[in-house]
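Notes to accompany the following structure.
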Amino acid sequence: MFLRNAWYVAAWDHEVAEGLMPVRVLGENIVLYRRRDGAVAALEDACPHRKLPLSMGRIKGDDVECGYHGLTFDGTGTCTRVPGAERIPHVARVRAYPIHERYGLLWIWMGEAEKADPAEIFTVEHWGDPAWGINRGESMTLACNYLYMTDNLLDPSHVAWVHQSSFASSACEETPLETTVAPNGVTVWRWMIDSEPAPFYAPFLKFSGHCDRKQHYEVRYPSNAIIKAIFVPANSYREDEPLHEDVFLMDSYNFMTPVDEGHTKYYWFQMRNFAPDDAEVSARFAKSVRGAFEEDRVVLEAVDHGMANKQTPNLDLKIDVGPLRFRRRMQQLIEAERAALAPNAVPAPAAASLAPASVAAE
């Protein structure tokens, strides 16, 4: 179900301050804390003695002390103290996870530690560029499988019906979609020419009247996405030519961390090519984006429930090409990882959950 040799967001960096923070990633319980030098450590959240969560204990210097019998572990998972014992048992240790801070987020590696390379963390264009503004949203937990969220983020067409008061315009209903498959993910996109601007974006455009608009929905394996919104004056877009000087650009970065098979933690922020220091604009964007994501939450949680309890096969349409290609490749990556970890194991049928049985329609 999950690709483990990958970076996932465990928390916002400001969420890990002075205490112990429990999180759950890919069905595993983890405790986060900061050492005295400010670096974050991530440990299995279970003392090996009686499996009391270490997050119920306390920080002692750079170590974590279990709240049951005082076993103490350092940031590498090594036990440094067993009260009353003459020696520390060699099995008295917990798993430590590679963790790295970037973009205001804490990225955790859930697979083989020796393969954890921070250079593979999702790249954010324009980060630190003083000409670009940024707004961050609070994280939210959705009661749905993460693949329904990647489906949604490879589906520009849903905007016309789910986000009618914010991101939608009449062109969103009928303009055909293009799909591009790359080694690192799938992109679904389209240019909508001479169309009305969506209500969410209209107040921030430098021009009036109709526009040429691009929707760029890109999801990279295993569950990170960038959604690009591009607006230029109507009929000014030319392929392979620079965009109009009054172009509006907004890049929305979306990171979906599977909590378990039925729940997903959602982190996001947006970057824009205007009003870099305007706190009011950032607050307006953050509020509006949160409202739109709440609309997605209602739909996706209902979809998860509906698919789990369906009585007849679901229907796939032409607009589902991007999501289905993403799921197919994810299934291949997960199966390859499973085979590499256990070359003599019989492949498990669980991968079928990545691509639910359906019937196709043109």
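Side chains included, hydrogens not; waters and symmetry mates left out as well; all remaining heavy atoms used.
Taking the six-membered ring for Trp, Trp7 and Trp109 have ring centres closer than 6.0 Å. Between Trp191 and Tyr237, the gap from one ring centroid to the other is short of 6.0 Å.
Not one N or O on the side chain of Asp277 forms a donor-acceptor pair closer than 3.5 Å with the backbone of Ala275. Proximity of a side-chain donor or acceptor of Asp212 to a complementary backbone N or O of Ile193 within less than 3.5 Å is not detected.
When side chains are defined from C-beta on, Val188 does not count as touching Asp155, because their heavy atoms never get closer than 4.5 Å. Side-chain contact between Met307 and Tyr148 is present, with at least one heavy-atom pair separated by less than 4.5 Å. Residues Arg4 and Glu337 form a side-chain contact, since some pair of their non-hydrogen atoms from C-beta on lies under 4.5 Å apart. At least one side-chain heavy atom of Ile230 sits less than 4.5 Å from a side-chain heavy atom of Val247.
Linking ILVMFWY side-chain heavy atoms closer than 4.5 Å, directly or via other members, places Leu249 and Met271 in a single hydrophobic cluster. Note on Tyr8: it does not cluster hydrophobically with Val31, by side-chain heavy-atom contacts below 4.5 Å among ILVMFWY residues. Leu43 and Tyr97 fall into different hydrophobic clusters, where Ile, Leu, Val, Met, Phe, Trp and Tyr side chains are chained together by heavy-atom contacts under 4.5 Å. Val259 and Trp268 sit in two unconnected hydrophobic clusters of ILVMFWY residues. Membership requires side-chain heavy atoms under 4.5 Å apart, directly or through other members. Under the 4.5 Å side-chain contact rule for hydrophobic residues, Leu142 and Leu153 share a cluster.
Stacking of Arg272 on the aromatic ring of Phe248 is not recorded, the 6.0 Å distance cut-off and the 45° axial limit not both being met.
Residues that satisfy the salt bridge (charged side-chain N to carboxylate O under 4.0 Å, His left out) test with Arg325, not counting sequence neighbours, are absent from this structure. Residues passing the side chain to side chain donor-acceptor pair (under 3.5 Å) test with Asp74, sequence neighbours excluded: Thr76.
A ring pair (Phe, Tyr, Trp, His ring centres under 6.0 Å) with Phe269 is found for exactly one of Trp127, Phe285, Trp132, namely Trp127. For the pairing with Pro323, the side chain to side chain contact (heavy atoms under 4.5 Å, CB included) check across Val219, Leu154, Thr179 returns one residue only, Leu154. Checking each of Thr72, Asp63, Leu71 against Arg81 for a side chain to side chain contact (heavy atoms under 4.5 Å, CB included) leaves exactly one that passes, namely Thr72. Of the candidates Arg35, Arg34, Arg36, Arg36 is the only one forming a side chain to side chain donor-acceptor pair (under 3.5 Å) with Asp62.
Of the charged side-chain nitrogens involved, none lies within less than 4.0 Å of a carboxylate oxygen, so that Glu196 and Arg213 do not count as a salt-bridged pair. Contact check on Arg220 versus Glu218 returns a salt bridge, with a Lys/Arg side-chain nitrogen under 4.0 Å from an Asp/Glu carboxylate oxygen. One finds a salt bridge joining Lys228 and Glu125 here, because a Lys/Arg side-chain nitrogen approaches an Asp/Glu carboxylate oxygen to under 4.0 Å. Ion pair Glu65/Arg58 flagged as a salt bridge, since at least one NZ, NE, NH1 or NH2 atom sits closer than 4.0 Å to an Asp/Glu carboxylate oxygen.
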For this session: Go through the steps for Glu112 and Lys115 under the test salt bridge (Lys or Arg N to Asp or Glu O under 4.0 Å), then give the verdict.
Result: CA-CA 6 Å; Glu112 300 162 272; Lys115 294 184 178 180; 3.1 Å; yes
Exercise. Can Glu28 and Arg95 be said to form a salt bridge (Lys or Arg N to Asp or Glu O under 4.0 Å), step by step?
Worked result: CA-CA 11 Å; Glu28 299 181 21; Arg95 179 182 177 185; 3.3 Å; yes
Counting only pairs under 3.5 Å, give me each side-chain donor-acceptor contact of residues 15-26, with atom names and distances, residues two or more places apart or in other chains.
from	atom 1	to	atom 2	distance (Å)
Glu15	OE1	Trp12	N	2.8
Arg24	NH1	Gly27	O	3.1
Arg24	NH1	Asn29	OD1	2.9
Arg24	NH2	Gly27	O	3.2

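Taking the six-membered ring where the residue is Trp, Tyr266 and Phe293 present tilted rings, their angle falling between 30° and 60°. Between Phe122 and Phe255, the angle of the ring planes goes over 60°, which puts this pair in the perpendicular group of the 30/60° scheme.
The structure places CG of Leu54 at 14.5 Å from OH of Tyr68, a figure rounded to the nearest 0.5 Å.
Within a 6.0 Å radius of CZ in Arg284, other residues, nucleotides and ligands contribute 12 heavy atoms or fewer.
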